[in-house]
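Here's the structure, in structure tokens; my notes come after.
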Number of protein chains: 2
Amino acid sequence: MDSQGSFPLGPSSLTEALYESVRKRIVNGEIAPGEKLTEVRIAGEYNVARPTAKACLERLTALGLLRRSVHKTAVVPKLGEDEIRDLYFSRETVERAAVAALARRGVVPPAAVRAQAAMKAAATDMAFESQVEADIAFHSALVAGVGSRRLSRMHEVILGEVHLTMGQFQAHRTTHPMNVAREHDDILKAIEAADPEAAQQRLTHHLDQAQDRLIGQLRREGGAVEEPSEEAPA
Amino acid sequence: MDSQGSFPLGPSSLTEALYESVRKRIVNGEIAPGEKLTEVRIAGEYNVARPTAKACLERLTALGLLRRSVHKTAVVPKLGEDEIRDLYFSRETVERAAVAALARRGVVPPAAVRAQAAMKAAATDMAFESQVEADIAFHSALVAGVGSRRLSRMHEVILGEVHLTMGQFQAHRTTHPMNVAREHDDILKAIEAADPEAAQQRLTHHLDQAQDRLIGQLRREGGAVEEPSEEAPA
DNA sequence: TCGTGAATACTTGCCTGACAATTCCACAGC
DNA sequence: GCTGTGGAATTGTCAGGCAAGTATTCACGA
């Protein structure tokens, strides 16, 4: 694909690379919710100095991917029911504004179309994590298509927590990827038809369903998340 | 004053206090836009170690109150016309969702009423900075009244940049505070009447006016912001 | 046996000091 | 006048360390 310019530019600095790696491990569920992340542990695992690890944990905390109070060690949060509701309320706020803006222009961002294609491809034969990533890429492209730096930034933060929560339910999913893909198509059609109302309404429906699925799983599992899962990572 | 409990809780940690202080200086315009903030300068002014100053600058950068790329020194940004538009687009997105949610419940957050009273008091005889702060407190209370942690957090970031931009036009303001207060009242009335549509529409009008004022001032001043203003601060 | 309190270990907050890598600025050379 | 090279300034990252706060354990008494 990127044969000419080496665009992606692998994270420039050490701090950046470290941040990306830890972030990925958290949202993928490799680091279980409730697990403690001390500065020295990160520093040891990656062979970096403690201040570097500290900065990394601070960034992740600011994004909501870790929780910690003053002198206590950071832990991966597990969102409860009302936190999921809050998260999805915020998510709807941002994404509704995005699809409305897109529909007013009547143009579908090309990146969203590509992401949607990837989603359908992943639906049949790929791993759960790939599906989640394709789904997130789709919504991300939708918001990015608006062209508002600040809206995208807010959305990025929100999607971080969404990704985290979805990753935590990894093993017990009950979602049919094709249904999700169909709903995505509906949203795109409404945007293309320059119908903001319909686009917003379909998006809301789509997100409400996703939220219900998450809360449903949460309730089903209840407090049954006792598996400590203490495998040493690296 | 604080004879019994010392409530305000002067920022617990050094880092926090430093952050608050620098932040205030930036949004108040004490540190002019375009001015460079090096780590050693902050460290020197406050007598803290460089890593501490570094963390402070990083936090402010994450909030958009400073700009910097790798290996370059942080500068206070001066928002251009399209950045102001982007900022206000994001702001409208968040605040419209907030007033709509409040109007659906039909209850006005008490804090918003208090902030509005303070605003009217400040309109007649107080300094410009107090008016700006009262205005921000009002909008802040509005969003906080919804009770969504994440919406409030997003709004906080946005208001930071709004405050910054307003502070930069400090000397040349042309706004009549009483008009602003009237518009605030209109919004509150719509919320109380449980009319989400009206509340959103009035909010949009209010914010559009604010945006136009800012852009108007920006155009008027043009590139005429040559006063270096190099007074030593402390 | 069970709680309660104190001592200990762990972890974070913040510091000093240092070196490498990078960027910025000015000056010399063509 | 423009370009290139040098030094100064600044940031990225590290090592090591002390103080302070938190959690945990263990002994002791009821």
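Naming: A, B, ... by sequence-line order, numbering from 1 per chain.
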Next on the checklist: How many whole angstroms separate atom CD of A:E39 from atom C1' of D:dG16?
Outcome noted: 15 Å
Checklist entry - At under 4.0 Å, does any side-chain N or O of B:K54 touch on OP1 or OP2 of D:dT11? => result no
Item to check | A:L14 side-chain proximity, nearest of C:dT12, D:dC14, D:dT11 | outcome: D:dC14
Item to check | Closest to side chain of B:K72, choosing from C:dG13, C:dT23, D:dT10 | outcome: C:dT23
Checklist entry - Atom CZ of A:R68 and atom P of D:dA23: how far apart are they, to the nearest Å? => result 14 Å
Checklist entry - Under a 4.5 Å cut-off applied to non-hydrogen side-chain atoms, are B:K54 and B:E58 in contact? => result yes
Checklist entry - B:Y19 has an atom OH; how far is it from atom P of C:dC14, in whole Å? => result 15 Å
Checklist outcome for this item: In whole angstroms, the gap separating P of C:dT11 from NZ of A:K36 amounts to 8 Å
Next on the checklist: Which label fits B:H184 and B:H206: parallel for a plane angle under 30°, tilted from 30 to 60°, or perpendicular past 60°?
Outcome noted: perpendicular
Checklist entry - With sequence neighbours left out, what residues match A:H163 under ring pair (Phe, Tyr, Trp, His ring centres under 6.0 Å)? => result none
Next on the checklist: Check the phosphate of D:dC14 against A:T52, side-chain N and O only, distance under 4.0 Å to OP1 or OP2. Yes or no?
Outcome noted: yes
Checklist entry - Picking from C:dC14, C:dT22, C:dG13, which would you name as closest to the side chain of B:H71? => result C:dT22
Checklist entry - How many Å lie between CG on B:L57 and C1' on D:dT10, as a whole number? => result 12 Å
Checklist entry - Quick one: B:Y46 OH to C:dG13 P, roughly how many Å, whole number? => result 21 Å
Throw together a table of side-chain donor-acceptor distances under 3.5 angstrom for residues 63-72 of chain A, partners on residues two or more places apart or in other chains.
{"residue": "A:R67", "atom": "NH1", "partner": "A:E83", "partner atom": "OE2", "Å": "3.4"}
{"residue": "A:R67", "atom": "NH2", "partner": "A:E83", "partner atom": "OE1", "Å": "3.4"}

Next on the checklist: Show, in sequence, the C-alpha distance, side-chain angles and deciding distance for A:E35 and A:R25, and conclude whether the salt bridge (Lys or Arg N to Asp or Glu O under 4.0 Å) test is met.
Outcome noted: CA-CA 12 Å; A:E35 199 169 336; A:R25 283 173 62 192; over 6 Å; no
Next on the checklist: Rounding to an integer number of Å, can you tell me how far B:L37 CG sits from D:dA9 C1'?
Outcome noted: 16 Å
Next on the checklist: Between C1' on C:dT12 and CD on A:E58, what's the gap in Å once rounded to a whole number?
Outcome noted: 10 Å
Item to check | From C:dT23, D:dA15, C:dT12, nucleotide with atom closest to A:A49 side chain | outcome: D:dA15
Checklist entry - Per the atom types in the model, does the base of D:dG17 pair as donor or acceptor with the side chain of A:R50 at under 3.5 Å? => result yes
